[in-house]
Number of protein chains: 2
Amino acid sequence: MTEKEQVRFAEKANVLKALAHPTRLWMVELLAGGEKCVCEFVDKIDADFSTISKHLSVLKKAGIVADEKRGKQVFYTLKVPCLLNFMHCVEEVLKSNSKAGMKK
Amino acid sequence: MTEKEQVRFAEKANVLKALAHPTRLWMVELLAGGEKCVCEFVDKIDADFSTISKHLSVLKKAGIVADEKRGKQVFYTLKVPCLLNFMHCVEEVLKSNSKAGMKK
DNA sequence: TCAACATTTGGCTATTTTGCCAAGCATCAA
DNA sequence: TTGATGCTTGGCAAAATAGCCAAATGTTGA
């Protein structure tokens, strides 16, 4: 494996790492329904404002969402809609797991 | 968010977490070309046998790969081919990132 | 200018993840 | 049986991640 390939895999892993958290996954799914401001996330779950903000920042650094400040609020949008199709594939995995009884 | 939904997001996040590692991503891509035994992975990169084995076990627990012992060797196969399409989407993210100059 | 609001950042501890080494388990050949 | 081979597991230290609190920042309305 060349060094270039290694870098490539690391970059892809970073994008996945950003998605690999229950809260962030939930955020991405919410964003699929259109832009949201930070406060909307905070309202919907029981988590610290700062925690939400940090999660959004992780998604942003990974290039998954974009932010835009308007007035006092910051609105986030999903930059990469194809992520939603791919979620279906993750669901496939879960389905196959439950079918298999999924001995851990 | 109901508790059931929370569990669901956690499960999906687990699948993603399993994929969110450079070495494991590389393994999945290799497996896309057909089954491989553990030794084939070890041959191809400079990592401990035990490290490789543990990575494979992570993928297996997540339901992404299946293993089958034949003789002295254990062969792994990709259980969920759709994961490869989804990789294309991850590539999209990278492409969009590099286009944007990607200020961190 | 001041105060309230919306959000981000810094700092910290607790938890999880990684990857190496050594030890353990099967399988097969001699 | 014994030893070699292929792989997994346990244990551990180092590194990365999570989430809370407190403090800092930027924006608007009074």
Side-chain angles (χ1 to χ4, degrees), chain A residues 1 6-7 9-28 30-31 35-77 103-104, chain B residues 1 6-7 9-28 30-31 35-77 103-104:
Chain A
M1 182 155 48
Q6 275 185 316
V7 171
F9 280 113
E11 285 175 340
K12 285 199 240 178
N14 277 337
V15 174
L16 288 170
K17 241 188 275 186
L19 290 168
H21 187 286
T23 303
R24 292 197 290 266
L25 225 41
W26 168 74
M27 291 172 144
V28 166
L30 261 195
L31 286 176
E35 72 171 12
K36 302 273 176 294
C37 76
V38 183
C39 57
E40 288 179 88
F41 295 110
V42 177
D43 285 349
K44 284 196 168 69
I45 61 168
D46 185 34
D48 204 83
F49 219 110
S50 70
T51 300
I52 297 289
S53 179
K54 275 182 185 169
H55 279 310
L56 286 167
S57 141
V58 170
L59 290 173
K60 184 182 162 188
K61 271 184 195 154
I64 295 167
V65 303
D67 62 340
E68 189 193 336
K69 186 158 195 169
R70 288 208 298 277
K72 283 192 274 190
Q73 288 166 303
V74 177
F75 291 88
Y76 281 84
T77 48
K103 56 278 172 183
K104 77 151 171 33
Chain B
M1 182 155 48
Q6 275 185 315
V7 171
F9 280 113
E11 285 174 342
K12 286 199 237 176
N14 276 338
V15 174
L16 289 170
K17 238 188 278 184
L19 291 168
H21 188 286
T23 303
R24 292 196 291 266
L25 225 41
W26 166 75
M27 291 172 145
V28 167
L30 260 195
L31 287 175
E35 73 170 14
K36 302 274 175 294
C37 75
V38 184
C39 57
E40 288 180 85
F41 295 110
V42 176
D43 283 350
K44 284 195 169 69
I45 60 168
D46 184 35
D48 204 83
F49 219 109
S50 71
T51 300
I52 297 291
S53 179
K54 275 182 185 171
H55 279 309
L56 285 166
S57 141
V58 170
L59 290 173
K60 183 182 164 189
K61 270 183 195 157
I64 295 167
V65 303
D67 63 339
E68 189 193 336
K69 184 158 195 168
R70 288 208 298 275
K72 282 191 274 189
Q73 289 168 301
V74 177
F75 291 89
Y76 281 84
T77 47
K103 58 275 172 183
K104 80 154 166 53

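Atoms considered below: every heavy atom in the structure, side chains included; atoms not considered: hydrogens, waters and symmetry mates.
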First encountered from the 5' end of DNA chain D, between Cys37(B) and Asn14(A) =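 It is Cys37(B) whose nearest nucleotide is closer to the 5' end.
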Rounded interatomic separation in angstrom, taking [atom1] from [X] and [atom2] from [N]:
X: Asp48(B); N: dA23(C); atom1: CG; atom2: P; result: 14 Å
X: Lys69(B); N: dC25(C); atom1: NZ; atom2: P; result: 13 Å
X: Glu68(B); N: dT27(C); atom1: CD; atom2: P; result: 13 Å
X: Leu16(A); N: dT17(C); atom1: CG; atom2: C1'; result: 16 Å
X: Asp67(A); N: dT8(C); atom1: CG; atom2: P; result: 7 Å
X: Leu25(B); N: dT18(C); atom1: CG; atom2: P; result: 12 Å
X: Phe49(B); N: dC21(C); atom1: CZ; atom2: P; result: 15 Å
X: Gln73(B); N: dC28(C); atom1: CD; atom2: C1'; result: 12 Å

ask   = Would one find a side-chain N or O of Lys17(B) under 4.0 angstrom from OP1 or OP2 of dT17(C)?
value = yes
request  = Ignoring backbone atoms, test whether Ser53(A) places a side-chain nitrogen or oxygen under 4.0 Å from the OP1 or OP2 oxygen of dT8(C).
outcome  =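 True: Ser53(A) side-chain N/O within range (under 4.0 Å) of dT8(C) OP1/OP2.
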query = Of all heavy-atom pairs between Ala62(A) and Asn14(A), which one has the smallest distance, and what is that distance?
reply = CB-O, 4.5 Å
task = Kindly give the heavy-atom pair with the smallest separation between Ile52(B) and Ala47(B), and that separation in Å.
result =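 That would be CD1-CB, 4.2 Å.
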For [X], which contact category applies under a 4.0 Å heavy-atom criterion: base, sugar-phosphate, or nothing?
X: Ser50(B); result: base
X: Arg24(A); result: sugar-phosphate
X: Tyr76(A); result: sugar-phosphate

request  = Ignoring hydrogens and angles, tell me if any N or O in the side chain of Glu40(A) forms a donor-acceptor pair with the backbone of Cys37(A) under 3.5 Å.
outcome  = yes
message = Determine whether a donor-acceptor pair (N or O, by modelled atom type, separation under 3.5 Å) exists between the side chain of Arg24(A) and the backbone of Leu59(A).
response =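 Looks like no, no N/O pair under 3.5 Å.
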message = Checking contacts here: which listed nucleotide (dT17(C), dC5(C), dT18(C)) is nearest the side-chain heavy atoms of Lys72(A)?
response = dC5(C)
query = Given dT8(C), dC20(C), dT9(C), which nucleotide is nearest the side-chain atoms of Lys54(A)?
reply = dT9(C)
inquiry  = Using side-chain heavy atoms (C-beta onward) and a distance below 4.5 Å, is Val65(A) in contact with Met27(A)?
reply    = no
message = A side-chain contact here means heavy atoms from C-beta on lying under 4.5 Å apart; do Leu31(B) and Phe41(B) qualify?
response =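 Yes, at least one pair of side-chain atoms sits under 4.5 Å.
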ask   = Can you give the first and last nucleotides of DNA chain D, 5' to 3', that have an atom under 4.0 Å from a heavy atom of chain B?
value =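 Contacts span dT5(D) to dG11(D), reading 5' to 3'.
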task = Please lay out, stage by stage, how Leu56(A) and Asp67(A) fare under the test side chain to side chain contact (heavy atoms under 4.5 Å, CB included).
result = CA-CA 9 Å; Leu56(A) 286 167; Asp67(A) 62 340; over 6 Å; no
